[in-house]
Trainee: 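Please read through the structure below; I'll follow up with questions.
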Amino acid sequence: MFTGIITDIGTVRAAQQRGDLRLVIGCSYAMDGVAIGASIACSGACLTVVEKGADWFAVDLSAETVTRTAPGLWVEGGRLNLERALKVGDELGGHIVTGHVDDIGHLVSAQEEGDSIRLTIAAPPALAAALAAKGSITLDGISLTVNSVADQPDGSVHFGLNIIPHTAAATTLAHLPEGRAFNLEIDVLARYLDRMQSLRAAAM
């Protein structure tokens, strides 16, 4: 489990396609306190530490993980939002995050609004019912509050987020090229409610 509060920005130092994709990620964590087998959320995807050094750790990504996450993340030089797993007694500053990516969103627009940046993100139809104003969303591992929701004619949804300067500086949201893809994880409660409603509909 995670909270969506980013504690470091890692850099992919090497990406090697073996049976799976092996990444070596540079970081500023004190790696002597991170065990082999520990979970670290990398831009919203929960990955397992399989090797480590003084200022780096390695993870293996299966083809399933690569397919279901945002393109362009897992390349040499890529910057990743990092969060270590939640410990009992830690402050829950964001919301409960599982590190399981539900789908991929894309940047529609990024506009200055005061000192902040107003983002509009397009999410696919499968997530439309799970997004609500003032609800929570995880964007590339970052816990954020949905400010607005606009349903689209094709069934997809555009949702708005406000990014304050601290969030932009402490995450990869300082870099927002047109059309950028994001890993999206809906609130865990919405995920279970969606499953319950689908089962009820099927039983009718």
Side-chain angles (χ1 to χ4, degrees), residues 2-4 6 9-12 15 17 20-21 23 25 39-48 59-83 94-110 117-133 135-163 167-168 171-195 198:
F2 306 92
T3 68
I6 304 307
I9 297 179
T11 301
V12 179
Q17 189 66 58
D20 290 326
L21 178 63
L23 299 183
I25 300 170
S39 295
I40 296 180
C42 300
S43 287
C46 177
L47 301 175
T48 300
V59 294
D60 289 330
L61 281 73
S62 68
E64 172 78 3
T65 299
V66 173
T67 299
R68 291 186 173 272
T69 53
L73 277 179
W74 319 120
V75 296
E76 190 170 334
R79 300 173 75 243
L80 305 173
N81 295 317
L82 302 181
E83 181 188 357
H95 70 283
I96 294 295
V97 175
T98 66
H100 300 154
V101 176
D102 290 299
D103 219 315
I104 298 171
H106 292 86
L107 180 65
V108 175
S109 64
I117 302 172
R118 174 78 172 195
L119 299 186
T120 300
I121 309 292
L127 300 189
L131 292 166
S136 296
I137 186 74
T138 306
L139 186 78
D140 273 0
I142 309 161
S143 173
L144 296 168
T145 299
V146 176
N147 287 343
S148 62
V149 175
D151 294 317
Q152 303 300 302
D154 64 356
S156 66
V157 62
H158 288 184
F159 63 94
L161 303 167
N162 188 66
I163 309 302
T167 301
T171 69
T172 60
L173 292 183
H175 182 56
L176 295 166
E178 184 177 351
R180 175 176 162 175
F182 299 97
N183 290 330
L184 302 179
E185 181 185 332
I186 59 174
D187 184 80
V188 65
L189 179 59
R191 186 183 294 157
Y192 284 114
L193 287 173
D194 182 61
R195 172 65 174 161
S198 66

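If you're wondering where the values come from, they're calculated on a predicted model, not measured in any experiment.
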Trainee: What closest approach, in Å, do Ile104 and Ala181 show between heavy atoms, and which atom pair accounts for it?
Mentor: CG2-CB, 3.9 Å
Trainee: Less than 4.5 Å apart, any side-chain heavy atom of Val12 and any of Val75?
Mentor: no
Trainee: Nearest 0.5 Å, please: how far is CZ in Arg79 from CG in Leu73?
Mentor: 12.0 Å
Trainee: Hey, are the side chains of Ser156 and Pro124 touching, using non-hydrogen atoms and a 4.5 Å cut-off?
Mentor: no
Trainee: Mark yes or no for whether Gln17, through its side chain, and Ala15, through its backbone, hold a donor-acceptor pair below 3.5 Å.
Mentor: no
Trainee: Where do His106 and Gly179 come nearest, in terms of heavy atoms and distance?
Mentor: CD2-O, 3.6 Å
Trainee: Please tell me if the side chains of Leu80 and Thr11 come closer than 4.5 Å, counting only heavy atoms from C-beta onward.
Mentor: no
Trainee: Measuring from Leu184:CG to Leu131:CG, what's the distance to the nearest 0.5 Å?
Mentor: 7.5 Å
Trainee: With distance as the sole test, does Asn81 use its side chain to make a donor-acceptor pair with the main-chain N or O of Asp140 at under 3.5 Å?
Mentor: yes
Trainee: Give the intermediate values and the outcome of side-chain contact (heavy atoms from CB on, under 4.5 Å) for residues Val101 and Arg68.
Mentor: CA-CA 7 Å; Val101 176; Arg68 291 186 173 272; 5.8 Å; no
Trainee: Without swapping roles, check the side chain of Arg180 against the backbone of Leu173 for a donor-acceptor pair under 3.5 Å.
Mentor: no
Trainee: For the atom pair CD1 (Ile142) and OG1 (Thr171), what is the distance rounded to the nearest 0.5 Å?
Mentor: 4.0 Å
Trainee: Can you give me the closest heavy-atom contact between Trp74 and Cys42, atom names plus distance?
Mentor: CH2-O, 3.5 Å
Trainee: How many angstroms lie between CD1 in Ile121 and CG in Leu161, if you round to the nearest 0.5 Å?
Mentor: 6.0 Å
Trainee: Looking only at heavy atoms, which two atoms of Ile25 and Gly10 are closest? And how far apart?
Mentor: CG2-CA, 4.1 Å
Trainee: Determine whether the side chains of His95 and Ser143 contain a donor N or O and an acceptor N or O closer than 3.5 Å.
Mentor: yes
Trainee: Quick check for you: to the nearest 0.5 Å, what is the distance between Leu47 atom CG and Ser39 atom OG?
Mentor: 8.5 Å
Trainee: By the definition side chain to side chain contact (heavy atoms under 4.5 Å, CB included), identify the one residue from Thr65, Leu61, Val59, Asp60 that meets it with Leu21.
Mentor: Leu61
Trainee: State, yes or no, whether a side-chain contact exists between Ile96 and Ser136 at a heavy-atom distance under 4.5 Å.
Mentor: no
Trainee: Would you compute the distance between atom CG of Asp187 and atom CG of Asp102 and round it to the nearest 0.5 angstrom?
Mentor: 10.0 Å
Trainee: Ignoring hydrogens, what is the shortest heavy-atom contact between Val146 and Val149? Give both atom names and the distance.
Mentor: CG1-CG2, 3.7 Å
Trainee: Quick one, Ser148 and Arg118 - any side-chain contact, counting heavy atoms below 4.5 Å?
Mentor: yes
Trainee: Provide the closest heavy-atom pair for Pro177 versus Leu107 in the form atom of the first, atom of the second, distance.
Mentor: O-CD2, 3.5 Å
Trainee: With a 3.5 Å distance limit and no angle check, can you tell me whether Glu185 reaches the backbone of Val97 through a side-chain donor-acceptor pair?
Mentor: no
Trainee: Under 3.5 Å, is there a donor-acceptor pair between the side chain of Asn183 and the main chain of Ser43?
Mentor: yes
Trainee: When you look at Thr138 and Phe2, which way does the side-chain contact (heavy atoms from CB on, under 4.5 Å) test go after all the steps?
Mentor: CA-CA 11 Å; Thr138 306; Phe2 306 92; over 6 Å; no
